[in-house]
Amino acid sequence: MESRLTPPTAIGALIARCEELIADLDLGNVRAWRAAHPGRVVIGYLPIYAPRELVHAAGGLPVGIVGAGEELEIVRGDACFQSYICHLPRSVIELGLSGKLDSLDGMIFPSTCDVIRNLSGIWSLSFPKKWVRYLDLPQNFDASMGGVFYRGILEGMLRELCELSGVDPKHADLRGAIRAFNANRRALRELYALRAAEPWRAPTSEVYVLVRAGLLLPVEEHTTMVERYLGLAKAREARPLDNARVALRGAFCEQPPIELVKTLERAGCYVVDDDFLPMLRWPERDVDESGDPLDALVAAWLDTPLEAPSRYTRCNAEKGQVLIDTVRSTRAEGVIFAAPSFCDPALLDRPMLLGALDRAKIVHTSFKYAENTGQMQPIREQAGTFADSIKLWGEA
Amino acid sequence: MTNSVVKEPSMLLQKDMISGHYSKLARAEETGNTVAYTFVPGNLTELMLAFDMLPVHPEINALQNGMRKLSGEYIAEAERAGHSEDVCTYVKCDIGMSLKGNVGPTGEKMPPPNLLLLSYTGCFTFMKWFELLRERYDCATTMLHVPYQAEGHITKDARDYVVKQLREVTIPALEKASGKRYDEDRLKEFLARSAKAEDDLVWVLESAKHTPSPIDAYFGGVYYIGPLFTAFRGTEAAVEYYRALRKEVQSRIENGEGPLTPEGQMRDQRFRLVVEGPPNWTHFREFWKMFYDEGAVVVASSYTKVGGLYDRGFRHDPDRPLESLAEYCLGCYTNLNLPSRVDLLVDYVNDYHADGFLVNSVKSCDSFSSGQLVMLREIEKRTGLPGAFIETDLVDPRYFSAANVKNRLESYFQMLSQKRATANAS
């Protein structure tokens, strides 16, 4: 069941450019940016969230690091991790030790899980001359507690980033950075809205790579790219197929191979919502552009109704509620829970999310993957059966 | 392996303390005691005791179930209920126990929690674990976010953050759950008793610097840390236990004796080891035997620091009650960054004159295990000593392969012998 899209050359070229960026594990475009901006810093950040605005305000380029996918042979990375640790840290280490991340001046490791937390220590031991920061995102969401603590972290990080890049902190344009990232996130929200409304115009196999390119591009360039795609996609000639509309969850950190996304589509699914790459899409609202910019970033973390396995859910009633609301607002007919093997946050969360879906009478199916999963046939069969069951026995 | 297990008097004392605690829990409803479930690292035992709340530690239930060969069935029960085979087996053992009626390791029914006190220290899984338990028990939950020691020391901001949460979130939650008012003077009394017991624990752990070592700081060590790391810190019973333990160890030093193993006094100490990582609980005696049969005694371990780095100087301080509790939470071993963990273990190797260094990597615990291969190489580089690496699990019997573990250990001990022979010959 192939999508019957009119293949506009412009969209094809744009998506090809994104795929090329993603496939370039040597980060050629980042090296080019660095060469064109001498003295400015390039800072990597891992899933699932880092306030990229700080790097931008210090005149730097934030670069998202989500592993190496299926192309890189892992040798040194496997020597650092036991078989029961997920795949992402081994490929990140492989990239680092093979020199592919040499263009980065530093790394931010958010408090996503114990593996990424400990990876920050491995990085410090392996690259003692590089700037490394662990970002302890508060799990207390009270402004006078978690907020005060978090603001202290952000102030410290901004100060250090300015020192690294030789920018006077007084001249760091944090408000300008917030404006730039707000514009980007607005474009991404519009992209997700278009896909939810008309997934045949913006299939996930395109949306995913388009979003993912944002890990590697300057934010302004990425916004322009997304806006261009939106214009082209809205105008493209395409007609809907009788696919099952599904939301995908569990893939918030280690990313699946792009082939897996295409496999879901080939299996008869329109993925109308997902939790891929929250690092590019959070917060899902504008950060305040008028008040104190650090306070605005703090509030963006504390106040936004984000739901992710790495974030504490304060009461039972909240658990899975964002997912259920999303399923309803995007008119998804079911949920595919696809989590990386050995991903503690996602897999510990899974029974609770599935329970919430059951109570809301939303159908679901689950499988695991790794970023280098090569065998797609079982996934195609499972997703195809799920899509067929929705179409045959669903309420719609 | 003999059937009659030799035990130190202090072990018997501790056994009575633990069974007494489980009995109290079983009678909590009739006695009107309120119950808080909480975790071992960064636990707030003195604070809970100040509200007359009885603590329950799910990891302790899990490991006790592991030692009593009950964990396999509980894990299977949780997996049948949809929990992934990939995740922490402590969690699954606990959930399985709950699904099968919440009968504790001593055969008595565990009370449901009045409060889930989530002290989120050094382990991400704790957060998910209590979200899962909250679904089961539908009870009050309070979260204390303890930041990681990413910079290798406790920052003022982190301490202030924890203190403010203790004051404005944790204490009100305990007041509400227990129906009692916060009494800081009472807390101070508990903290003063904690510090006394902590002094004696440190003395006992550091006794392993003697040759021969009078203790095994891993297999014996897990008993020694028991009262202080769990429900008894701050009690007179704990003070008495550690006083008795210290006397026992003092007597062994005076007599030039080694530790007591389940099969009697360990006489021949051929290898002094430092061990990183938790032990396996499902085959604990079998695992220990692989060491003492080869004359290997553990002189220092990181696992005995998960409930506090007392040997690095920390003491609960009645003059700074909440600050001291905050520093305790922040200072537990698994809350240290990897470079600090390496520094600590290198110090142990040097200070305790170890011959070697061993990692027992457990599948269940990313907090401990992730990065251990890098730590091993770094410690080898900095000490010049060879390290060994074995893999087991905490409480999943499927992940303990006795033959593989024994084979690796024997090879390692042979290598240490050969190195020693070569060094003596040159």
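Note that the structure is a prediction, hence the values are computed from the model and not measured. Proteins come first, then strands; the chains are lettered A, B, ... in the order of their sequence lines, and each starts at number 1.
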Under a 3.5 Å distance rule, please check whether [X] uses its side chain to pair with a backbone N or O of [Y] as donor and acceptor.
X        : Y        : result
A/Asp114 : B/Asp366 : no
A/Arg117 : B/Gly122 : yes
A/Asn140 : B/Gln165 : no
B/His145 : A/Gln139 : yes

Which atoms of [X] approach chain A - backbone, side chain, both or neither, heavy atom under 4.5 Å:
X        : answer
B/Phe389 : side chain
B/Asp138 : both
B/Val359 : neither
B/Cys365 : neither
B/Val162 : neither
B/Ala158 : both
B/Glu391 : side chain
B/Glu131 : both

Is the shortest side-chain heavy-atom distance between [X] and [Y] below 4.5 Å?
X        : Y        : value
A/Pro345 : B/Met127 : no
B/Gln372 : A/Gln82  : yes
B/Lys128 : A/Arg350 : no
A/Leu348 : B/Lys92  : no
A/Ser144 : B/Glu168 : yes
B/Leu118 : A/Tyr312 : yes

Show the atom names and distances, to 0.1 Å, of all donor-acceptor pairs under 3.5 Å that link a side chain in residues 155-162 of chain A to residues at least two apart or in another chain.
unit_1   : atom_1 : unit_2   : atom_2 : d
A/Glu155 : OE2    : A/Arg151 : NE     : 2.7
A/Glu155 : OE2    : A/Arg151 : NH2    : 3.1
A/Glu160 : OE1    : A/Trp131 : NE1    : 2.8
A/Glu160 : OE1    : A/Arg133 : NE     : 2.7
A/Glu160 : OE1    : A/Arg133 : NH2    : 2.8
A/Glu160 : OE2    : A/Arg133 : NH2    : 3.3

> Parallel, tilted or perpendicular for A/Phe149 and B/Tyr161, by the 30°/60° rule?
Replying inline: parallel

>> Please give me the minimum heavy-atom distance between A/Ile122 and B/Gly371, naming the atom from each residue.
In response: CD1-CA, 3.6 Å

> How long is the span from the CG atom in A/Asp344 to the CG atom in B/Asp86, to the nearest 0.5 Å?
Replying inline: 8.0 Å

>> Apply side-chain contact (heavy atoms from CB on, under 4.5 Å) to residues B/Arg377 and A/Leu125 and explain how you reach the verdict.
In response: CA-CA 11 Å; B/Arg377 288 196 289 274; A/Leu125 290 167; over 6 Å; no

Which answer fits [X], side chain, backbone, both or neither, if we ask what part of it has an atom under 4.5 Å from a heavy atom of chain B?
X        : answer
A/Arg90  : neither
A/Ile153 : neither
A/Val148 : neither

At a heavy-atom distance under 4.5 Å, which candidate from [options] has the highest pair count against chain B?
options                                : answer
A/Val132, A/Leu137, A/Asn316           : A/Asn316
A/Gly152, A/Ser124, A/Ser310           : A/Ser310
A/Ser366, A/Cys315, A/Cys343, A/Ser111 : A/Cys315

Heavy-atom pair count under 4.5 Å with chain A, highest-scoring of [options]:
options                                : answer
B/Ala150, B/Ser84, B/Ala140, B/Gly152  : B/Ser84
B/Ser367, B/Gly82, B/Ser369            : B/Ser367
B/Cys123, B/Ala81, B/Cys88             : B/Cys123
B/Phe130, B/Phe124, B/Tyr120           : B/Phe124
B/Thr141, B/Leu132, B/Asp157, B/Asn337 : B/Leu132

> Does CZ in B/Arg382 sit with more than 12 non-hydrogen atoms of other residues, nucleotides or ligands closer than 6.0 Å?
Replying inline: yes

> Do A/Tyr84 and B/Ser361 meet the criterion of a side-chain donor-acceptor pair at a distance under 3.5 Å?
Replying inline: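 Yes.
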
> Regarding B/Arg134 and A/Thr313, is there a side-chain donor-to-acceptor distance under 3.5 Å anywhere?
Replying inline: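 No pair is found: no donor N or O on one side chain lies under 3.5 Å from an acceptor on the other.
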
